[in-house]
Each structure stands twice: as structure tokens, then as C-alpha cells.
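Read the structure below first, then the notes.
These numbers were taken from a predicted model, which means no experiment stands behind them.
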Amino acid sequence: MFTGIVTDLGTVELIAKRGDTTIKLATKYDPAAIAIGASIACSGACLTVIGKGGKEGDAWFSVEASAETLAKTTLGAWAVGTRVNLERSLRVGEEIGGHIVSGHVDGVGEVVSVVPEGDSTRVRIRAPKQLAKFIAPKGSIAIDGTSLTVNEVDGNTFGVNIIPHTAKVTTWGGVKAGDKVNIEIDMLARYLARLKEFA
């Protein structure tokens with residue numbers, strides 16, 4: 001489990017496609033504190049660490065992504081140099097600064113517009129139609145692994161506000177119209193919708 005609070009901005013260093021795809025990511029995490037088999041959210045997708053090396057501040061870890069993961073997320077379009085939002089898994093007793101995030105991407109959305117709004121940036125995103133019913137104003141949503149609040153909804157398009165701090169420490173600082181993003185809907189909304197089917 002995760003909280004959608006990005007703690008490092010990694011960079012893809014290597015992609016090796018043989019069987020499943022192995023992805024090597026540069027990170028500032030201390031490799032001594034990363035266990036082989038640990039889960040790390042990589043732009044919203046929960047992936048398992050299979051290798052690591054280097055030293056704190058100049059380290060790397062590698063993960064494997066299945067064909068299903070590559071097809072259902074933005075990971076299939078990653079290349080060497082792609083910037084990636086990273087979050088280590090939540091430990092019991094830690095502060096939950098965002099919302100509960102599973103790291104299971106529900107679909108890929110597309111950035112429709114990026115507009116400055118005061119010191120912040122308003123980003124509008126078009127979600128897959130099947131996810132629209134789970135997205136509500138003032139609700140939580142995880143986009144590329146970042147916990148955000150939905151500002152407004154219009155059909156299957158919704159807006160979020162990116163504050164300067166978030167833009168600085170995540171991939172949101174370079175977002176532009178046309179970008180594809182990983183979307184994970186709020187877990188509570190998912191289960192409420194499921195329960196409603198049986199009401």
C-alpha cells in the first residue's frame with residue numbers, strides 16, 4: 001500500500017526486454033534500505049524490486065514489468081531518460097499524507113490542457129469512460145502515483161490543481177497537453193460502486 005506522496009524522482013537508465021521487461025531506475029534512495037522483493041510505486045504502478053546497487057544519493061534499483069503491466073499503463077512507452085515518480089511502500093504507523101493507494105493502475109488518461117492559475121497549475125485530464133463514474137469533485141485520485149484532489153468533473157474529463165511544490169518534486173513540473181498518465185481511482189469509490197450494484 002502507498003499514500004500517493006512521491007518521495008523521489010527517478011530516471012529510467014535501462015530497459016531490457018526478454019520475457020518480462022526489466023527496468024533499471026536511478027534513485028536517491030539508500031539501496032541498503034531497499035529489500036529485494038520490496039514494492040515501489042513507479043509513477044503509480046506497484047513493481048517488485050529484483051536488483052539494486054550504488055550508494056545513497058547515487059543509487060539504482062531494477063524492477064520487472066509483465067506484458068499486462070506494459071499494455072495497461074504508461075510503462076510501455078517509457079524510454080531511457082523517462083522521469084518517474086517514486087514512492088516506497090507504506091509502513092504501519094507512518095503518516096498518511098495523501099490517501100490510501102494500492103499501486104494498481106485502473107486505466108490510462110490523457111492530459112487535455114495545462115493552464116497556469118495563480119502560482120499553481122490547473123491540469124485537465126480525460127479519463128477512460130468506464131472510470132468516469134468513480135471520479136467526483138473534491139474526491140481523491142492518484143495520477144502517476146501522486147495523490148491529488150479532483151477540482152471539477154465534466155463527463156469523463158476532470159481537473160486537478162498542481163501546487164508549486166508538487167511541480168518541483170514530481171514529474172508534474174514537465175506535464176503538457178497530450179501526455180498519457182496512469183490513473184488509480186479512489187479505493188472507497190470503487191467499493192461503494194460495487195456495493196451499489198447489489199443494493
Val108 vs Pro128 side-chain heavy atoms within contact, under 4.5 Å: no
From Arg88 atom CZ to Thr27 atom OG1, the distance as rounded to the nearest 0.5 Å: 8.5 Å
In one Ile/Leu/Val/Met/Phe/Trp/Tyr side-chain cluster, 4.5 Å: Ile34, Leu25: yes
Over all atoms of both residues, closest heavy-atom pair of Glu13 and Val80: O-CG2, 3.7 Å
Nearest-0.5 Å distance that lies between atom NZ in Lys17 and atom CG in Leu70: 7.0 Å
Heavy-atom check, side chain of Asn85 versus side chain of Val169, under 4.5 Å: no
Heavy-atom side-chain contact between Lys72 and His104 under 4.5 Å: no
Interatomic distance, Asp119 atom CG to Ile162 atom CD1 [nearest 0.5 angstrom]: 14.0 Å
hydrophobic_cluster_shared for Ile143 and Val114, side chain cutoff 4.5 Å: yes
Positive for side-chain contact (heavy atoms from CB on, under 4.5 Å) with Ile141, one of Leu131, Ile135, Val101: Ile135
side-chain hydrogen bond (donor to acceptor under 3.5 Å, both in side chains) between Arg83 and Thr171, intermediate numbers included: CA-CA 6 Å; Arg83 301 288 270 165; Thr171 57; over 6 Å; no
Non-hydrogen atoms of Ala177 and Val112 that approach each other most closely: CB-O, 3.6 Å
Within 45° cone of Phe158 ring axis and under 6.0 Å: Arg124 NZ or CZ: no
Hydrophobic cluster identity match, Ile185 and Val123, side-chain contacts under 4.5 Å: yes
Check: Val63 and Ile50 side chains under 4.5 Å, non-hydrogen atoms: no
Between Thr3 and Glu87, a side-chain donor and acceptor under 3.5 Å: yes
Donor-acceptor contact present, side-chain Asp179 to main-chain Lys176, <3.5 Å: yes
Val84 reachable from Leu75 in the ILVMFWY side-chain graph, under 4.5 Å edges: yes
Euclidean distance, Lys24 NZ relative to Lys52 NZ, rounded to 0.5 Å: 14.5 Å
Between CD1 on residue Ile163 and NZ on residue Lys168, distance to nearest 0.5 Å: 12.0 Å
Minimal non-hydrogen separation, Gly155 against Ala132, with atom names: O-CB, 4.0 Å
Pairs touching residues 138-156 that satisfy side-chain hydrogen bond (donor to acceptor under 3.5 Å, both in side chains), sequence neighbours left out: His99-Ser147, Arg122-Glu152, Thr146-Trp172
4.5 Å side-chain heavy-atom contact, Ile183 and Ile125: yes
Flag, side chain of Thr73 to backbone of Thr69, donor-acceptor distance under 3.5 Å: yes
Check: Asp30 side chain, Ala32 main-chain N or O, donor-acceptor pair, under 3.5 Å: yes
4.5 Å side-chain heavy-atom contact, Phe2 and Leu90: no
Shared hydrophobic cluster, Leu9 / Ile40 (ILVMFWY, side-chain heavy atoms < 4.5 Å): no
Thr121 side chain near Val115 side chain, heavy-atom distance below 4.5 Å: no
Short side-chain donor-acceptor distance under 3.5 Å, Asp20 and Ser66: no
Worked check of side-chain hydrogen bond (donor to acceptor under 3.5 Å, both in side chains) between Asn182 and Ser43: CA-CA 7 Å; Asn182 292 322; Ser43 285; 5.5 Å; no
Between CD1 on residue Ile23 and CZ on residue Phe61, distance to nearest 0.5 Å: 9.5 Å
Working for side-chain hydrogen bond (donor to acceptor under 3.5 Å, both in side chains), residues Glu184 and Ser102: CA-CA 8 Å; Glu184 181 184 331; Ser102 69; 2.9 Å; yes
